S.K.: 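Attaching a single structure in structure tokens format; questions to follow.
The sequence lines fix the lettering, A, B, ..., with proteins before strands; numbering per chain opens at 1. Only a predicted model underlies this, so the values are computations on that prediction, with no experimental measurement involved.
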There are 2 protein chains.
Amino acid sequence: MAKLTITDIAGRAGVSKATVSRVLNKQAAGVGRETRARIQRILDETGFQPSATARTLSTGRSHSVGLVIPDIANPYYPLLVSGVEQTLVAAGYSLVLCNTGGNVAKEAAYIGILIDKGVDGVILNSSTSQDDSHVRLLEDADIPLVLLDRVVGRRAARYGVFVDNHFGARQAAEHLLARQDCALVFINGPPDLSQSIERRAGVEAAFAKSGLPRDRLRVVEADCTLEGGRRAIADLIEAAWDGSGKRRLSFNAAFAANDLMAFGALRALRHIGVLVPDEVEVIGFDDVEFARLAEPPLTTVAQPAMEMGAASADLILQLIAGARPRQKTLMMTPRLVLRGTTGARPASASETPRKGAKEHG
Amino acid sequence: MAKLTITDIAGRAGVSKATVSRVLNKQAAGVGRETRARIQRILDETGFQPSATARTLSTGRSHSVGLVIPDIANPYYPLLVSGVEQTLVAAGYSLVLCNTGGNVAKEAAYIGILIDKGVDGVILNSSTSQDDSHVRLLEDADIPLVLLDRVVGRRAARYGVFVDNHFGARQAAEHLLARQDCALVFINGPPDLSQSIERRAGVEAAFAKSGLPRDRLRVVEADCTLEGGRRAIADLIEAAWDGSGKRRLSFNAAFAANDLMAFGALRALRHIGVLVPDEVEVIGFDDVEFARLAEPPLTTVAQPAMEMGAASADLILQLIAGARPRQKTLMMTPRLVLRGTTGARPASASETPRKGAKEHG
DNA sequence: CGGCCTTTAGAAACCGGTTACTTTAACTGG
DNA sequence: CCAGTTAAAGTAACCGGTTTCTAAAGGCCG
């Protein structure tokens with residue numbers, strides 16, 4: 001059965017395309033009660049669905065939004081996607097998913113495709129904070145843009161939904177640094193990400209306040225994958241190997257810029273039989289679902305991923321509707337969740353008031 | 001800067017739209033060397049990108065494919081999505097993601113939207129195996145369809161990529177049933193899924209072969225979530241509670257139809273201090289990334305998720321290209337991966353040859 | 001040198017909707 | 001009874017491409 005067009009419907013009803021179109025769009029004026037009813041009946045009988053493509057060409061609105069993310073396989077992103085998707089679909093929009101694999105070239109290519117496709121807006125969780133040439137393309141084409149999770153270009157210049165990375169990292173670092181004689185390793189993500197810069201700053205701030213000697217903080221960089229985190233720690237262990245049979249660790253606390261790397265670190269530690277949290281304490285970032293499930297459950301800085309996704313979708317819908325909210329950036333507050341990979345701390349009055357709450361069970 | 005159109009380009013080059021179109025589409029014939037070069041130069045200078053919408057309307061091909069999945073937050077699906085996405089983008093197609101949350105009505109609604117949008121094909125990981133009315137809609141509209149992971153309607157009737165659920169479940173059940181005095185609980189998914197039926201049949205087959213008395217197998221149903229798996233086991237524990245302080249378990253082996261439910265089961269068991277695998281052995285299904293990471297690492301039936309996604313994308317691309325492969329269904333073989341939630345078995349000659357391999361580390 | 005073939009390029013229809021503008025008819029009020 | 005309004009419905013242009021058909025020009029051959 002060939003696909004019906006509005007002309008077919010018009011033919012059957014003995015009216016013009018224009019009239020059918022008016023009924024389709026539920027326009028109050030311009031169609032008589034009787035005619036409208038007749039057309040409506042034919043619409044219902046045939047189950048006619050107008051072509052979204054034709055409508056898009058004619059109206060310039062596609063009712064779809066592009067979502068660009070680095071890596072759907074990283075368990076943090078599905079939550080983000082889920083939040084975006086739910087909000088969009090509720091508003092009658094659909095989602096074009098662009099998974100860049102952290103590849104900046106692929107990201108740029110995807111943005112080009114989204115422009116061609118005529119999406120009404122783009123939510124961008126970019127893999128680079130430096131080069132914003134592809135983002136300019138969007139702006140030149142006047143397509144609303146919401147940055148998600150990672151800043152591109154000047155922070156306040158564009159709409160965006162972020163988490164307070166500095167705060168979150170500081171909380172985590174402070175907690176670790178309160179340990180007796182702490183020697184901290186910070187496993188950061190790629191250094192060209194705004195995120196990485198902010199988190200590092202948070203760690204440094206906490207470290208400065210601790211007054212510990214400079215060599216007690218080491219910062220290493222990894223690629224946000226489990227294997228990257230594992231190798232980062234394995235390398236450190238290797239480097240401290242003194243040739244004798246006895247293993248010596250050069251650190252007793254590790255903070256990873258995401259949970260996946262934290263799990264990798266734990267894996268490396270477990271591999272050589274290091275006890276967590278007794279010998280080394282570990283904190284991650286994100287709070288993916290499995291952080292709770294791991295044994296021991298992972299202490300981590302929780303980000304409200306689903307809410308962030310939903311918020312970015314809300315924002316893009318507003319922009320598409322033509323609104324231009326004063327408040328350009330929405331900053332969410334992360335929360336340190338204490339679980340099993342960190343040890344108990346003596347309740348001390350001197351400690352900063354903490355947002356993190358101990359979870360039970 | 002207003003968006004350029006093909007007419008603008010034609011104007012600048014002093015030629016007609018038709019000629020520009022021929023250059024755009026790299027048609028060999030119909031344009032002189034010199035003219036072609038001049039137009040090409042203007043194209044490059046302006047960075048002109050033709051509107052995909054207009055092209056779609058005109059040619060009837062959208063170069064996009066819809067992917068319908070039940071739940072992106074379930075860690076099994078991102079892998080599937082990733083496999084699909086990589087294959088599609090490599091072929092110049094883009095991906096419209098439809099997350100149904102297991103809601104059949106939402107699934108049907110999404111299929112309607114995909115038809116309107118004029119996607120060239122649909123990959124459907126359905127939440128129902130019964131009602132295929134919405135799938136018929138696709139077929140009426142002559143839109144190629146590939147079923148993924150779950151059968152809808154008669155198995156051989158439609159193109160699809162599946163895993164041999166019967167085999168996988170049988171492997172797992174056999175392994176568990178080899179335990180001394182085994183009392184097995186099978187936590188199945190929703191009973192209206194083809195998957196669930198097949199896996200159950202696999203379990204029943206293994207059980208029948210074991211010769212154990214009927215009451216040694218219990219089948220319960222849950223909703224494929226972690227919480228569902230947890231509750232299923234918690235309920236069984238509750239039911240076996242004899243009022244005294246001493247806990248009695250009515251089973252010593254559990255096989256869950258996915259890893260998430262297996263983790264839920266482990267959680268319920270841990271909650272009352274049951275030792276795994278000593279007191280109860282547990283096997284999951286899927287082999288999500290965290291199965292390896294959990295402590296103890298989860299024994300599970302591994303599905304090649306990424307490959308399945310890629311295979312389904314390959315198949316839909318073939319169908320879009322007009323091919324109609326003889327072989328309608330592609331059946332992947334799952335593999336039992338023995339890890340820490342099952343105990344060692346005495347190597348016995350009588351045992352079925354096993355595909356599963358013991359992993360190290 | 002004229003007719004025919006081929007190449008180049010343009011004109012126009014088409015894809016399936018939306019919408020500004022126009023026509024027709026009925027209704028209102030002076 | 002007729003001018004003025006208003007509601008209903010149609011006509012046609014338009015969105016931005018693709019494609020078929022056709023016209024013009026250039027080259028080759030007899």
Side-chain angles (χ1 to χ4, degrees), chain A residues 1-40 42-43 46-64 113 115-120 141-142, chain B residues 1-40 42-43 46-64 113 115-120 141-142:
Chain A
M1 144 173 84
K3 191 123 183 7
L4 287 175
T5 73
I6 198 172
T7 313
D8 300 328
I9 303 292
R12 292 196 196 200
V15 298
S16 72
K17 299 195 317 179
T19 305
V20 176
S21 176
R22 287 189 266 258
V23 174
L24 271 177
N25 296 296
K26 303 192 180 35
Q27 290 186 355
V31 187
R33 282 181 50 77
E34 197 186 341
T35 314
R36 161 162 281 140
R38 176 159 43 94
I39 295 175
Q40 190 60 58
I42 296 178
L43 253 27
T46 56
F48 172 72
Q49 291 295 113
S51 149
T53 307
R55 179 172 281 171
T56 294
L57 183 60
S58 177
T59 61
R61 341 228 61 202
S62 65
H63 288 269
S64 62
I113 292 173
I115 295 174
D116 304 350
K117 291 244 166 195
V119 294
D120 294 339
D142 258 322
Chain B
M1 145 172 85
K3 190 119 182 14
L4 287 174
T5 72
I6 198 173
T7 314
D8 300 328
I9 303 292
R12 293 196 194 201
V15 299
S16 71
K17 299 194 317 177
T19 306
V20 178
S21 175
R22 287 189 267 257
V23 174
L24 270 177
N25 296 297
K26 303 191 178 37
Q27 290 185 355
V31 187
R33 281 181 49 78
E34 197 186 340
T35 315
R36 159 162 282 142
R38 178 160 42 95
I39 294 175
Q40 189 61 56
I42 296 179
L43 253 27
T46 57
F48 173 73
Q49 291 295 113
S51 149
T53 308
R55 181 172 280 172
T56 296
L57 183 59
S58 178
T59 61
R61 340 227 62 199
S62 66
H63 288 270
S64 63
I113 291 173
I115 295 175
D116 304 350
K117 291 245 166 194
V119 294
D120 293 339
D142 260 321

S.K.: From CD of A:Gln49 over to P of C:dG17, roughly how many Å is that when rounded to an integer?
M.R.: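 Rounding to the nearest Å, CD of A:Gln49 and P of C:dG17 are 10 Å apart.
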S.K.: Is the phosphate of C:dG10, meaning OP1 or OP2, less than 4.0 Å from a side-chain N or O of B:Ser16?
M.R.: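 Affirmative; the distance criterion is met.
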S.K.: Does the side chain of B:Ile6 come within less than 4.5 Å of B:Ser21's, by heavy atoms?
M.R.: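 B:Ser21 reaches B:Ile6 side chain to side chain.
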S.K.: On DNA chain C, compare the nucleotides closest to B:Arg33 and A:Leu57; which residue's is nearer the 5' end?
M.R.: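 Its nucleotide being nearer the 5' end, the pick is B:Arg33.
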S.K.: Could you tell me how far apart B:Lys3 (NZ) and D:dC14 (C1') are, to the nearest whole angstrom?
M.R.: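 Rounding to the nearest Å, NZ of B:Lys3 and C1' of D:dC14 are 17 Å apart.
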S.K.: Work out which heavy atom in B:Leu57 is nearest to a heavy atom in A:Thr53; give both atom names and the distance.
M.R.: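 Shortest heavy-atom contact: N-CG2, 3.7 Å.
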S.K.: Checking contacts here: which listed nucleotide (C:dG17, D:dG10, D:dA9) is nearest the side-chain heavy atoms of A:Phe48?
M.R.: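 The listed nucleotide nearest to A:Phe48's side chain is C:dG17.
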S.K.: When you measure from the side-chain N and O atoms of B:Thr35 to the phosphate of C:dA9, is any distance below 4.0 Å, counting only OP1 and OP2?
M.R.: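 For C:dA9, OP1/OP2 do have a side-chain N/O of B:Thr35 under 4.0 Å.
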S.K.: Could you tell me how far apart B:Ile39 (CD1) and C:dT8 (P) are, to the nearest whole angstrom?
M.R.: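 From B:Ile39 CD1 to C:dT8 P: 12 Å.
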S.K.: For B:Ser51 and A:Arg38, find the nucleotide of DNA chain D closest to each by heavy atoms; which residue's nucleotide sits nearer the 5' end?
M.R.: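 On the 5' side of the pair lies A:Arg38.
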S.K.: Count the heavy atoms of every other residue, nucleotide or ligand shown that sit under 6.0 Å from CZ of A:Arg38, and state whether that count exceeds 12.
M.R.: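 Result for CZ/A:Arg38: enclosed.
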S.K.: Protein within reach of the bases, or only the backbone? For nucleotides 18-25 of chain D, mark each nucleotide 5' to 3' as B, S or -, using heavy atoms under 4.0 Å.
M.R.: BBB-----
S.K.: Let me know the distance between NZ of A:Lys26 and P of C:dT19, rounded to the nearest Å.
M.R.: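 A:Lys26 atom NZ is separated from C:dT19 atom P by 14 Å.
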S.K.: Reckon A:Thr53 touches a base, only the sugar-phosphate, or nothing at all at heavy-atom distances under 4.0 Å?
M.R.: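 It contacts nothing in the nucleic acid.
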S.K.: A:Thr19 pairs by side chain to side chain contact (heavy atoms under 4.5 Å, CB included) with which of A:Leu24, A:Ile9, A:Val31?
M.R.: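 Single pass found, and it is A:Val31.
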S.K.: To the nearest 0.5 Å, what is the distance between OG1 on B:Thr56 and CG on A:Asp116?
M.R.: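 It comes to 10.5 Å.
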S.K.: Is A:Lys3 close to B:Ile115 at the side-chain level, that is, under 4.5 Å between some pair of heavy atoms?
M.R.: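 B:Ile115 reaches A:Lys3 side chain to side chain.
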S.K.: Between C1' on D:dG17 and CG on B:Leu43, what's the gap in Å once rounded to a whole number?
M.R.: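 These atoms are roughly 13 Å apart.
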S.K.: Using the rule side chain to side chain contact (heavy atoms under 4.5 Å, CB included), only one of A:Ile42, A:Thr35, A:Val23 pairs with A:Val15; which is it?
M.R.: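 Only match with A:Val15 under side chain to side chain contact (heavy atoms under 4.5 Å, CB included): A:Thr35.
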S.K.: Check every strand shown and say whether A:Thr56 touches a base, only sugar-phosphate, or nothing at a heavy-atom separation below 4.0 Å.
M.R.: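 Here A:Thr56 touches no strand at all.
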S.K.: Under 4.0 angstrom, heavy atoms only, what part of the nucleic acid is B:Gly118 near: base, sugar-phosphate, or nothing?
M.R.: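 Answer is nothing: B:Gly118 stays at 4.0 Å or more from every strand.
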S.K.: To the nearest Å, how far apart are B:Glu34 CD and D:dG26 C1'?
M.R.: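 It works out to 15 Å between those atoms.
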